[in-house]
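Structure, as structure tokens:
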Amino acid sequence: MMSATFVQKLGEARQFLMASDFGQALGRYEKLARQWPQVAAVWFEYGNAASGARRAELAERCWQKAIALEPQNAELICLVGHQYAGARRPDRALASFAQAAAADPKGVNPRISSAVLLEKRHRLAEARAAVEECLALDPKDEQARYVEALLNRRDGRLEEAERGWRDLTAPGVRHPYVRYACRYELAQLLDETERADEAMRMLAEAKEIVAGLTDTRALLRAYDEGARRARSFTESQPLTICREWEKSFPAERREKLPPLAFLGGHPRSGTTLLEQTLDAHPEICALDESPVFLEVLQPEFHKTPHHSAQRLNVLRRAYAQAWQAEAGAASAGKTLVDKNPSPTARLPVWLRVFPELRVIIALRDPRDVALSCYFQNIPLNNVNANFLTLERVARHYADLMDIWLTVRKWEGFSWLETKYEAMVADLPAEGRRVTEFLGLTWQPGQAQFQEGSKTKAFYSPTYRDVTRPVYGKAVARWRRYEAHLAPILPALEPYCRALGYA
């Protein structure tokens, strides 16, 4: 039985942790760990706070201390594994899941967690072995049956995959994620086999289940307020704002950084294809949807848009250190490409901190973009809640692309637009154009990027596609769904005209 004092102090620390105020949380967990050093939960949460504050070594020590205190607690060890996965340390995550499985020989959770992560790493044979272990323990386990169908699809066994997922749409399936995820996967499979109407019905069922699991209205209210502020700030700036920022923060006063480019655009516009093409260049290091900008820079501009040159240099240094810590030693001396579609709506922040930034914007037919977003099964947050209805998808598209259409009129910064359709039609030609925009020479090996992609970890929803050669099936895909998209086509039409897709 823990004392009332302990419970109170732990509750206070957890409030800061849940609010992502990691600085405040760290101080409180440090004191808790000194006063109650034998409580594994304290060390586990202390590690979570350290990880959120990007103090990886401290997080490692705390998590391992928690495990040392309760080495047979498979649930705790599995939770540590999920923290490693969230911190983009997949090898440590897999090791933790294996340790949890050893602690609980009959435990399904650590084994299915391994299977899910192995599938994302394209280690399909190992993933299937983990699933088979789960099914041997419990042939009816819903998560294992779902992943088994996923692996069947990746192996090209489409009939088996469809049968497995359809079984999981039957009444009586209890696992919330499985209930909606199998419908999303079925929709993708139905799309591939040109059963468009049924695919849309399956998506509608999936989204109804998802919407019932959380307060989506609260998420959308938060999103709308953030989008309103971003739009208002951007539209209020003069066309000369970049030149004004350059004068107040000239090159001679900036802390030197490696060459930096931002790769953005609306989600599902081909950013992953372009990122992998660039990353295959020996002088480029590209990261797939790194959280560094959102964690290091964006919070500072929530407080105030006005920063001194000294403060901007602090932010530049913090960004570069966090980015290079994630990219590892392989990034040394290379041009850095931060691929992240959603922060396109925060381009003014990028340009304020990095006046020298090169901006690459991926474009794609807005109708294909809207349809592709609607098909995605992405964990809900303020942004992705927009993808639950076609109407909200169109609204999100307008919010983000209006920012870009405004910013591209600004004077004094370097930018390039590239079209997904051009990449698909002639990857070497369009890839060369983008590579040369970065001041580098096209390398023939960039056209075979998928060979290197087979061993990399990806965090984009399109991680399964990057191991395949470029294909054109997704171009003009929207035409098969024209009747379903009809309510939002008028809202997208101005963007089709503005971007050359009329």
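All heavy atoms count here, side chains included; hydrogens, waters and symmetry mates do not.
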Practice prompt. Using modelled atom types only, decide if a donor and an acceptor are shared between the side chain of T271 and the backbone of P267 within a distance under 3.5 Å.
Written response: no
Worksheet entry | Steps toward side chain to side chain contact (heavy atoms under 4.5 Å, CB included) verdict (Q143, C134) | CA-CA 9 Å; Q143 294 182 85; C134 294; over 6 Å; no
Practice prompt. Output yes when R408 and E417 qualify as a salt bridge under the 4.0 Å nitrogen-oxygen rule, no when they do not.
Written response: yes
Item to complete: Give a yes/no verdict on a cation-pi contact between R268 and Y397, requiring under 6.0 Å between NZ or CZ and the six-membered ring centre and an angle within 45° of the axis.
Response: no
Worksheet, complete the sentence: The reported gap from CH2 in W478 to CZ in R367 (rounded to nearest 0.5 angstrom) is 4.0 Å
Fill in: Working for side chain to side chain contact (heavy atoms under 4.5 Å, CB included), residues V337 and E275
CA-CA 8 Å; V337 176; E275 176 235 329; 5.6 Å; no
Discussion item. Under a 3.5 Å threshold, yes or no: a donor from one side chain and an acceptor from the other, between S51 and Q83?
Written reply: no
Worksheet item: Can you tell if the side chain of T389 reaches within under 4.5 Å of the side chain of R392, non-hydrogen atoms only?
Response: yes
Discussion item. How long is the straight-line distance from CG of D402 back to OG1 of T234, given to the nearest 0.5 Å?
Written reply: 10.0 Å
Discussion item. Taking the basic N atoms (NZ, or NE/NH1/NH2) and the acidic carboxylate oxygens, is any pair closer than 4.0 Å for E198 and R166?
Written reply: yes
Item to complete: Mind checking the CG-CZ spacing from N152 to R154? Nearest 0.5 Å is all I need.
Response: 12.5 Å
Worksheet item: Any chance the side chains of H175 and D141 put a donor and an acceptor closer than 3.5 Å?
Response: no
Worksheet entry | No-hydrogen, no-angle side-chain donor-acceptor test under 3.5 Å, Y374 and K207 | no
Practice prompt. Drop me the distance from L274's CG to D279's CG, to the nearest 0.5 angstrom.
Written response: 11.0 Å
Worksheet item: So which heavy atom on A327 is nearest to which on C285, and how close?
Response: CB-SG, 3.9 Å
Worksheet item: Using the benzene-type ring in the case of Trp, are the ring centres of F293 and Y319 under 6.0 Å apart?
Response: no
Discussion item. If you count heavy atoms of other groups shown closer than 6.0 angstrom to CD of E391, is the number above 12?
Written reply: yes
Worksheet item: Should E162 and E185 count as side-chain neighbours, where that means a heavy-atom distance under 4.5 Å?
Response: no
Worksheet entry | Stepwise side chain to side chain contact (heavy atoms under 4.5 Å, CB included) test for D365 and R477 | CA-CA 10 Å; D365 189 315; R477 174 187 176 204; over 6 Å; no
Worksheet entry | Straight-line distance of R231 CZ to D399 CG, nearest 0.5 Å | 5.0 Å
Discussion item. For L363 versus E421, what's the shortest heavy-atom pair and its separation?
Written reply: O-OE1, 4.1 Å
Discussion item. Can you tell whether the side chains of E430 and R433 come within less than 4.0 Å, N to carboxylate O?
Written reply: yes
Worksheet item: Is there a donor-acceptor contact under 3.5 Å from the side chain of D104 to the main chain of A74?
Response: no
Worksheet item: Looking at side-chain heavy atoms only, is the closest gap between H266 and S269 below 4.5 Å?
Response: yes
Response to the item:
Closest heavy-atom pair, C78 versus P110, reported as atoms and distance to 0.1 Å, is SG-CA, 3.8 Å
Practice prompt. Please indicate whether E235 has more than 12 foreign heavy atoms, meaning atoms of other residues, nucleotides or ligands, lying under 6.0 Å from its CD.
Written response: yes
Fill in: Which atom of E142 lies closest to which atom of G172, heavy atoms considered
OE2-O, 4.1 Å
Practice prompt. For residues Y501 and D368, determine if any side-chain heavy atom of one lies less than 4.5 Å from a side-chain heavy atom of the other.
Written response: no
Fill in: Straight-line distance of L17 CG to E45 CD, nearest 0.5 Å
6.5 Å
Worksheet item: Centroid-to-centroid, W410 to W415, below 6.0 Å?
Response: no
Discussion item. Working note: I360 + L438, criterion side chain to side chain contact (heavy atoms under 4.5 Å, CB included); need CA distance, chi angles, decisive distance, verdict.
Written reply: CA-CA 9 Å; I360 305 166; L438 298 177; 4.0 Å; yes
Item to complete: Under the salt bridge (charged side-chain N to carboxylate O under 4.0 Å, His left out) rule, what do R111 and E132 come out as? Steps first, then yes or no, please.
Response: CA-CA 9 Å; R111 291 167 172 83; E132 288 172 355; over 6 Å; no
Item to complete: Report yes if some heavy atom in the side chain of E326 is under 4.5 Å from a heavy atom in the side chain of R54; otherwise report no.
Response: yes
Practice prompt. Grab the two heavy atoms, one from G439 and one from R358, that are nearest each other, plus how far apart they are.
Written response: N-NH1, 3.9 Å
Fill in: Ring center gap for H396 and Y223 short of 6.0 angstrom
yes
Worksheet item: Are the side chains of N73 and F44 in touch, meaning some heavy atoms are under 4.5 Å apart?
Response: no
Fill in: CA sep, side-chain torsions, deciding dist, call: K106, D138, salt bridge (charged side-chain N to carboxylate O under 4.0 Å, His left out)
CA-CA 9 Å; K106 296 184 178 181; D138 181 0; over 6 Å; no
Worksheet item: Side-chain donor-acceptor pair under 3.5 Å between E283 and T335, yes or no?
Response: no
Worksheet item: Below 4.5 Å, heavy atoms only, C-beta onward: do I403 and T344 meet side chain to side chain?
Response: no
Worksheet item: Mind checking whether Y180 and Y177 have parallel, tilted or perpendicular rings, split at 30° and 60°?
Response: perpendicular
Fill in: Pair D191, Y481: side-chain N/O donor-acceptor within cut-off below 3.5 Å
yes
Item to complete: Report yes if some heavy atom in the side chain of N377 is under 4.5 Å from a heavy atom in the side chain of Q188; otherwise report no.
Response: no
Fill in: Charged tip of K339 within 45° of F262 ring normal and under 6.0 Å
no
Worksheet entry | CD (E225) with more than 12 external heavy atoms under 6.0 Å | yes
Worksheet item: Does R92 make a cation-pi contact with Y84 (under 6.0 Å, within 45 degrees of the axis)?
Response: yes
Worksheet item: Where is the tightest heavy-atom contact between D91 and R121, given as atom of each residue plus distance?
Response: OD1-NH1, 3.7 Å
Worksheet item: Applying the side chain to side chain contact (heavy atoms under 4.5 Å, CB included) test to S290, which of V292, D288, L294 qualifies?
Response: V292
Item to complete: State whether a side-chain donor-acceptor pair under 3.5 Å links W63 with N48.
Response: yes
